[in-house]
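Presented below is the structure to which this report refers.
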Number of protein chains: 2
Amino acid sequence: MPIWAYDSPVARAATTSDVFNAIAEPQRREILVLLRAGERPVTELAQELGIAQPGASKHLRVLREVGLVRDRKAGKQRLYALDARGLRPIHEWTGGFERFWNESFDRLDAYVQDLKQSRQEE
Amino acid sequence: MPIWAYDSPVARAATTSDVFNAIAEPQRREILVLLRAGERPVTELAQELGIAQPGASKHLRVLREVGLVRDRKAGKQRLYALDARGLRPIHEWTGGFERFWNESFDRLDAYVQDLKQSRQEE
DNA sequence: TTGACGCATGCCGATATGGGCATATGATTC
DNA sequence: GAATCATATGCCCATATCGGCATGCGTCAA
């Protein structure tokens, strides 16, 4: 049996190549929000986020790899810009649950009460 | 200097207590989708996902802790039900980028140029 | 050319995961 | 009670992060 056939435990889907994971990080979400105002250089973003420049660069790299941001060289600087297209699938996926959170809340409350009763544990 | 004052590296936001992280896991998203059809016991979910029961239980725990599912005892079984309210914030957050992905893409370049200009007025 | 910026990377440390397994806990039926 | 389902947990392993730091690299200015 070849070595590569061994079952190797998987920790977590790579954050790279997965938009859901990319935006699971608060600071990365914040970066996207900041970029709505327009292109920005790394240092500026790092400053606004209150983190070190390497940290910002790393987050930007993840965002770039999933296609949520684009970068462009501008002299000494590198300007990052938002490319929100990748967020659309997520918007749509969550949208697929809209009718559930819109369900009548009288009924939901009743349901919750129901749960409270039927649950003795916790 | 007290022990607790040391800088302790933080690995990643706990998946617990954070809906964004909770749905960053493909199988957890799949569970939510399955639950749209109605309550289901753990074993059934595990089977449909093609994973072992402990695995399903763990994912369900995470989902429960962020409030995306509710559970209810039903005899020997424990039925899990969807509570999609927690997905709404995500839907809305991504919705905040709608105007960006709606920009015509022929015009994306032009738009970027545009940003370059409007950035000056900040 | 030599600095000085602006960024990207590599490495380290501490921690969080996810899956596989074995086992504890609960509830139901005999 | 005992045997048996249905779940939840604990543990271990291998890996993925995140942040801090030092450093490499490309670009611009003196």
Side-chain angles (χ1 to χ4, degrees), chain A residues 3-18 20-31 39-66 69-80 118-122, chain B residues 3-18 20-31 39-47 49-66 69-80:
Chain A
I3 247 191
W4 46 263
Y6 278 111
D7 239 11
S8 70
V10 176
R12 179 173 205 150
T15 163
T16 262
S17 84
D18 180 343
F20 277 94
N21 263 299
I23 66 166
E25 230 292 327
Q27 307 217 305
R28 285 198 286 263
R29 288 200 295 279
E30 185 58 23
I31 287 178
E39 293 182 311
R40 275 211 178 69
V42 179
T43 306
E44 204 175 304
L45 290 170
Q47 198 172 335
E48 296 208 55
L49 291 174
I51 63 179
Q53 170 268 312
S57 278
K58 288 172 185 172
H59 282 314
L60 285 166
R61 176 182 182 156
V62 172
L63 292 172
R64 188 178 43 204
E65 288 179 344
V66 299
V69 302
R70 295 184 174 294
D71 63 299
R72 151 175 104 74
K73 287 202 297 186
K76 264 193 285 193
Q77 301 186 129
R78 180 168 290 268
L79 300 180
Y80 279 87
S118 57
R119 283 210 300 189
Q120 278 89 5
E121 32 52 292
E122 272 198 72
Chain B
I3 254 190
W4 47 262
Y6 279 110
D7 239 11
S8 70
V10 176
R12 179 172 205 153
T15 161
T16 261
S17 82
D18 180 344
F20 276 95
N21 263 298
I23 66 165
E25 228 293 327
Q27 306 215 305
R28 285 198 287 265
R29 287 200 296 278
E30 185 58 25
I31 288 179
E39 294 182 311
R40 279 217 176 68
V42 179
T43 306
E44 204 175 306
L45 290 170
Q47 198 172 335
L49 291 174
I51 63 179
Q53 170 269 312
S57 278
K58 288 171 186 172
H59 282 313
L60 285 166
R61 176 181 185 157
V62 173
L63 292 172
R64 188 177 45 203
E65 288 178 344
V66 299
V69 302
R70 295 185 174 292
D71 61 299
R72 151 175 103 76
K73 289 201 296 188
K76 263 192 287 194
Q77 300 186 129
R78 180 170 289 271
L79 299 181
Y80 279 87

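Every chain is numbered from 1 and lettered A, B, ... according to where its sequence line falls, protein lines coming before strand lines. Atoms considered below: every heavy atom in the structure, side chains included; atoms not considered: hydrogens, waters and symmetry mates.
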*Roughly how far, to the nearest 0.5 Å, is the CG atom of Leu60(A) from the CZ atom of Arg28(A)?*
10.0 Å
*Quick one: list whatever passes side-chain contact (heavy atoms from CB on, under 4.5 Å) with Glu44(B), sequence neighbours left out.*
Arg40(B), Pro41(B), Glu48(B)
*Nearest 0.5 Å please: distance from the CD atom of Glu25(A) over to the CG atom of Asn21(B).*
8.0 Å
*Round to a whole Å and report the spacing from CZ of Arg28(B) to P of dA16(C).*
15 Å
*Check side-chain contact (heavy atoms from CB on, under 4.5 Å) between Arg29(A) and all other residues, then give those that pass, not counting sequence neighbours.*
Ile23(A), Pro26(A), Phe20(B), Trp93(B)
*Take atom CD1 of Ile51(A) and atom P of dA8(C), then tell me their distance rounded to the nearest Å.*
12 Å
*Any chance you could measure Arg64(B), atom CZ, to Arg78(B), atom CZ, to the nearest 0.5 Å?*
6.5 Å
*Let me know the distance between CG of Leu63(B) and C1' of dG18(C), rounded to the nearest Å.*
14 Å
*What is the distance from CD of Gln27(A) to P of dT17(D), rounded to the nearest Å?*
16 Å
_I need the CD-C1' distance between Glu65(B) and dT17(C), as an integer number of Å._
14 Å
Could you list all N or O pairs between the protein and nucleotides 4-11 of chain D that sit under 3.5 Å apart?
{"residue": "dT7(D)", "atom": "OP1", "partner": "Val42(B)", "partner atom": "N", "Å": "3.3"}
{"residue": "dT7(D)", "atom": "OP1", "partner": "Arg78(B)", "partner atom": "N", "Å": "3.4"}
{"residue": "dT7(D)", "atom": "OP2", "partner": "Thr43(B)", "partner atom": "N", "Å": "3.0"}
{"residue": "dT7(D)", "atom": "OP2", "partner": "Thr43(B)", "partner atom": "OG1", "Å": "2.3"}
{"residue": "dA8(D)", "atom": "OP1", "partner": "Tyr80(B)", "partner atom": "OH", "Å": "2.5"}
{"residue": "dA8(D)", "atom": "OP2", "partner": "Ser57(B)", "partner atom": "OG", "Å": "2.4"}
{"residue": "dA8(D)", "atom": "N7", "partner": "Gln53(B)", "partner atom": "NE2", "Å": "2.7"}
{"residue": "dA8(D)", "atom": "N6", "partner": "Gln53(B)", "partner atom": "OE1", "Å": "3.4"}
{"residue": "dT9(D)", "atom": "OP2", "partner": "Arg61(B)", "partner atom": "NH1", "Å": "3.2"}
{"residue": "dG10(D)", "atom": "O6", "partner": "Lys58(B)", "partner atom": "NZ", "Å": "3.0"}
{"residue": "dC11(D)", "atom": "N4", "partner": "Lys58(B)", "partner atom": "NZ", "Å": "3.4"}

*Starting at CG of Asp18(A) and ending at C1' of dT17(D), how long is that distance when rounded to a whole Å?*
14 Å
*Tell me whether the OP1 or OP2 atom of dT17(C) has a side-chain N or O from His59(B) closer than 4.0 Å.*
no
*Phe20(B) CZ to dT17(C) P, straight-line distance once rounded to whole Å*: 16 Å
*For residues Ser57(A) and Gln53(A), is any side-chain donor paired with an opposing acceptor at under 3.5 Å?*
yes
*May I have the distance from Lys73(A) (atom NZ) to dC25(D) (atom P), rounded to whole angstrom?*
15 Å
